[in-house]
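Lettering of chains follows the sequences in order, A, B, ..., and the numbering in each one begins at 1. Atom set for the values below is all heavy atoms of this structure, side chains included, hydrogens, waters and symmetry mates excluded.
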Amino acid sequence: MEEDLVKIRREKWEKWKDAFGDKIALKFECENKIDQIVNDYSHKEKEFFDEKKIVVKTAGRIISLRKMGKLTFCHLSQIKSKIQILFEKNSVKEENYKNLSLLDIGDFIGIEGYLLKTRTGELTIAVENYKPLMKCLKPLPEKWHGLQDVEQRYRQRYLDLIINSESKERFLKRIKMVDAIREFMKKKDYLEVETPMLQPMAGGATAKPFKTHHNALDIDLFLRVAPELYLKRLIVGGFEKVFEINRNFRNEGIDTRHNPEFTMMEFYESYSSMDEMMKLTEELLCYVSKEVNGAAEISFNEQKISFNPPYKVVSLLMEARKFLNEKGIDENDLDDSQVREKLCDSYGLSKEKSKSRMKFLVEVFDTFVAPNLIEPTFVVDFPVEVSPLSRKKDDEVVYRFELYILGMEVANGFSELNDPDDQRERFLKQAKEKFEGDLEAMSYDEDYCLALEYGLPPTGGEGIGIDRLAMILTETDSIRDVLLFPLLKPEKEK
RNA sequence: GGGUCGCUAGCUCAGCUGGUAGAGCAGCGGACUCUUAAUCCGCUGGUUCGGGGUUCGAGUCCCCGGCGACUCACCA
């Protein structure tokens with residue numbers, strides 16, 4: 001049983017004090033990083049190490065252990081690399097060789113030794129001194145198959161990271177991606193800011209918020225669904241270019257593309273419009289793809305995708321109307337709710353989402369067109385009705401776009417609505433929908449309208465879904481696999 | 001919330017129409033100075049997710065519950 005295995009490891013651990021002076025080391029001067037050692041020396045010939053004794057001092061977790069009499073091979077792991085280490089009975093002190101039996105796979109040790117190449121040509125540290133740093137009391141999952149149980153990989157992500165290198169690599173890639181995005185935005189003179197997560201009113205997106213309570217103020221607060229309205233207040237305040245990479249929270253379903261908390265980058269630029277945002281997006285994605293994957297072209301489940309600009313542009317309304325034409329549907333009939341419901345039934349559309357002519361058209365697009373947008377594609381011509389924060393182009397549509405990749409919405413941007421009178425009217429319409437039972441409709445935010453009265457310059461703004469972009473760039477099907485700790489239901493106490 | 005599937009040793013998995021729960025890895029003991037899924041000999045290890053039921057007998061069949069995966073609905 002597992003307790004027996006832990007008991008044996010604990011007994012070994014008890015002996016550390018006599019054998020090595022410490023049960024738990026305070027620290028270890030790790031003078032050489034393993035990936036640096038590998039980079040510097042793995043290409044050298046075997047003879048190089050015969051002539052020159054290169055001494056290194058490093059530390060890591062033991063991830064494999066092969067004892068063969070008077071020789072013991074291990075692999076020592078650090079975040080970016082691993083290296084083989086070798087204990088020879090003649091090179092370490094006799095009692096220290098014997099004390100190797102107190103070490104297990106999973107333990108952290110610090111070592112000092114010299115480099116050599118084995119008969120098979122593998123760069124190896126021949127250990128002269130070593131010091132165990134901390135015991136791993138639990139047995140690690142098996143080295144060959146790794147940790148397969150999906151649930152355990154999420155619940156105990158550290159085990160997944162120790163044992164499954166693909167998983168570790170995927171997260172390192174995500175980190176690199178976020179770094180690249182940040183670098184890009186800073187190079188473009190955007191200022192990085194943080195705006196409230198706790199908001200008295202959850203605005204900036206149509207979504208169901210999480211509610212919470214502040215005790216000292218005795219007020220209800222919401223976790224933000226978007227930072228949008230605060231970022232635009234900063235534009236009013238004269239911060240001409242701002243961006244924020246942070247979490248949003250939406251109290252909605254969970255599936256392979258949705259987690260209740262997710263990361264978005266939102267950015268806003270004064271004196272700009274949706275056209276500049278689209279150009280910037282093309283440039284950004286191309287740059288990030290090259291930084292992360294070394295190329296602007298990637299493949300995803302055999303599908304080829306290019307991030308090289310320019311991206312295709314399709315009109316939401318034109319595509320939806322094309323569908324109506326093909327099916328012989330008269331658009332004017334769509335004002336009749338009974339007609340819409342009938343059509344929803346025959347084409348398998350959501351009645352909930354088709355409660356007006358325009359919403360029906362959007363639903364048609366989402367269902368029949370969007371899933372087929374594999375290569376990066378901008379969708380334009382969104383109805384005013386579903387875009388309460390975008391500037392009107394005419395009575396029907398706004399200056400707004402969404403970017404689709406692999407059938408997935410990855411970005412959403414627009415020329416910001418900066419007319420306070422128009423904004424008030426749009427909020428009123430939202431408030432009415434909310435009153436009529438739409439839980440996702442926006443609240444009337446008078447404080448934001450007040451800010452607009454001080455003058456929001458013409459502004460382009462956009463939000464990019466970071467998790468989804470990470471999925472695409474790491475060829476990952478589920479959002480949970482690019483989130484270190486996806487939300488799971490707690491296990492029930494027995 | 002609905003549907004389908006899954007849950008067996010620390011890990012990866014077998015276990016057929018119901019008949020004594022098995023293997024590999026890990027672990028323990030032994031051999032071994034170039035191994036790398038090391039090898040060889042021997043050994044240990046189980047509340048079969050939980051609770052009921054049917055049965056002489058349940059990992060297997062039935063019911064209830066838990067958690068997860070996929071999928072539909074909702075959403076980005």
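Within the 4.0 angstrom heavy-atom criterion, only backbone atoms of the sugar-phosphate kind lie near Thr206(A); the bases stay farther away. Within 4.0 Å of Gln148(A), counting heavy atoms only, lie sugar-phosphate atoms of the nucleic acid but no base atom. In this structure, Glu440(A) reaches the sugar-phosphate backbone alone: every heavy-atom distance under 4.0 Å involves primed, P, OP1 or OP2 atoms, never a base. In this structure, Leu5(A) reaches the bases: a heavy-atom distance under 4.0 Å links it to at least one base atom across the strands shown. Contacts of Lys89(A) with the nucleic acid, taken as non-hydrogen atoms under 4.0 Å apart, are absent. Using a 4.0 Å heavy-atom criterion, one finds that Gly146(A) contacts the sugar-phosphate atoms exclusively. Contact annotation for Ser64(A): no contact, since no heavy-atom pair falls under 4.0 Å across all strands. Using a 4.0 Å heavy-atom criterion, one finds that Arg155(A) contacts the sugar-phosphate atoms exclusively. Counting non-hydrogen atoms under 4.0 angstrom, Asp477(A) reaches nothing in the nucleic acid.
One can find a donor-acceptor pair under 3.5 Å joining the base of rC74(B) and the side-chain atoms of Asp255(A).
Taking the P atoms as reference points, rC63(B) lies 28 Å from rA73(B), given to the whole Å. When the C1' atom is used for both rU44(B) and rG50(B), the distance is 28 Å, rounded to whole Å. If you take atom P in rG59(B) and the same atom in rG15(B), they sit 16 Å apart, rounded to whole Å. For rC62(B) and rG18(B), the C1' atoms lie 13 Å apart once the distance is rounded to whole Å. Nucleotides rG10(B) and rG42(B) have their P atoms positioned 24 Å apart, rounded to a whole Å. rG51(B) and rA58(B): their C1' atoms are spaced 15 Å apart (whole Å). The P atoms of rC64(B) and rU4(B) are separated by 12 Å, rounded to the nearest whole Å. Nucleotides rG57(B) and rC40(B), compared at atom P, are 44 Å apart to the nearest Å.
Phe368(A) and Phe323(A) have parallel rings, their planes meeting at less than 30° on a 0 to 90° scale where 60° marks the start of perpendicular.
Regarding Gln156(A), its CD atom lies at a distance of 13 Å from the P atom of rG10(B), rounded to whole Å. At whole-Å resolution of the value, CG in Asn90(A) and P in rC34(B) are 12 Å apart. If you take CG of Leu349(A) and P of rC72(B), they are 15 Å apart, rounded to a whole angstrom. Spacing between atom CG of Leu488(A) and atom P of rA69(B) amounts to 6 Å, rounded to whole angstrom units. One interatomic measurement links the two molecules: CG of Asp149(A) to C1' of rA69(B), which rounds to 10 Å at whole-angstrom precision. Remark: P of rG27(B) and CZ of Arg10(A) are 18 Å apart, rounded to the nearest angstrom. Rounded to whole Å, the distance from CG on Asp104(A) to P on rC25(B) is 17 Å. Taking atom NZ of residue Lys67(A) and atom P of nucleotide rG30(B), one finds them 10 Å apart after rounding to whole Å.
Checking the phosphate oxygens (OP1, OP2) of rC11(B), a side-chain nitrogen or oxygen of Gln152(A) falls inside 4.0 Å. When the side-chain nitrogen and oxygen atoms of Ser478(A) are compared with OP1 and OP2 of rC70(B), one or more of them lie within a distance under 4.0 Å. Remark: Arg9(A) is not in phosphate contact with rG27(B), judged by side-chain N or O atoms under 4.0 Å from OP1 or OP2. Between Ser350(A) and the phosphate of rA73(B), there is no side-chain N or O to OP1/OP2 separation shorter than 4.0 Å. The phosphate of rA26(B) has OP1 or OP2 within less than 4.0 Å of a side-chain N or O from Lys143(A). OP1 or OP2 of rC67(B) sits under 4.0 Å from a side-chain N or O of Lys489(A). Look at Arg480(A) and you'll find a side-chain N or O under 4.0 angstrom from OP1 or OP2 of rA69(B). At rC28(B), one or more side-chain N or O atoms of Lys12(A) fall inside 4.0 Å of OP1 or OP2 (strictly under the cut-off).
Between Phe300(A) and Asp477(A), the shortest heavy-atom contact is CE2-OD1, 3.6 Å.
When distances run from any side-chain atom of Trp144(A) to the nucleotides rU33(B), rA37(B), rU71(B), the shortest one goes to rA37(B). Across rU35(B), rU33(B), rA76(B), the shortest atom-to-atom separation from the side chain of Lys70(A) is found for rU33(B). With rC70(B), rA76(B), rU12(B) as the choices, the nucleotide that has an atom nearest any side-chain atom of Ile479(A) turns out to be rA76(B). Minimum atom distance to the side chain of Leu71(A) is reached by rC34(B), of the listed rA76(B), rC34(B), rA26(B). When the nucleotides rU12(B), rU35(B), rC11(B) are ranked by their closest atom to the side chain of Glu122(A), rU35(B) comes out on top. Here rG10(B) is the nucleotide among rA76(B), rG10(B), rC74(B) with the atom lying nearest to any side-chain atom of Pro139(A). Here the nucleotide nearest the side chain of Phe73(A), chosen from rU35(B), rU12(B), rC70(B), is rU35(B).
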| message | Let's go through Val379(A) and Leu373(A) carefully: what are the C-alpha distance in whole Å and the side-chain angles of both, what is the deciding distance for side chain to side chain contact (heavy atoms under 4.5 Å, CB included) to 0.1 Å, and is it a yes or a no? | response | CA-CA 10 Å; Val379(A) 176; Leu373(A) 302 177; 3.7 Å; yes
| task | Starting from the C-alpha separation in whole Å, work towards a yes-or-no answer on side chain to side chain contact (heavy atoms under 4.5 Å, CB included) for Leu284(A) and Glu462(A). | result | CA-CA 12 Å; Leu284(A) 170 70; Glu462(A) 181 175 343; over 6 Å; no
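Figure legend: cation-pi geometry between Arg174(A) and Phe171(A) absent, as NZ or CZ is not positioned both under 6.0 Å from the six-membered ring centre and within 45° of its axis.
Between Met177(A) and Ser289(A) the shortest side-chain heavy-atom distance does not fall below 4.5 Å.
Where Thr124(A) and Ile254(A) each meet RNA chain B at their nearest nucleotide, the meeting point lying more 5' is that of Thr124(A).
Between Lys23(A) and Glu14(A), at least one side-chain nitrogen of the basic residue sits less than 4.0 Å from a carboxylate oxygen of the acidic one, meeting the salt-bridge criterion.
With Ser167(A) contributing its side chain and Asn164(A) its backbone, the two residues share no donor-acceptor pair below 3.5 Å.
Within the structure, no pair that satisfies the ring-ring contact (aromatic ring centres under 6.0 Å, His included) test touches residues 460-487 of chain A, not counting sequence neighbours.
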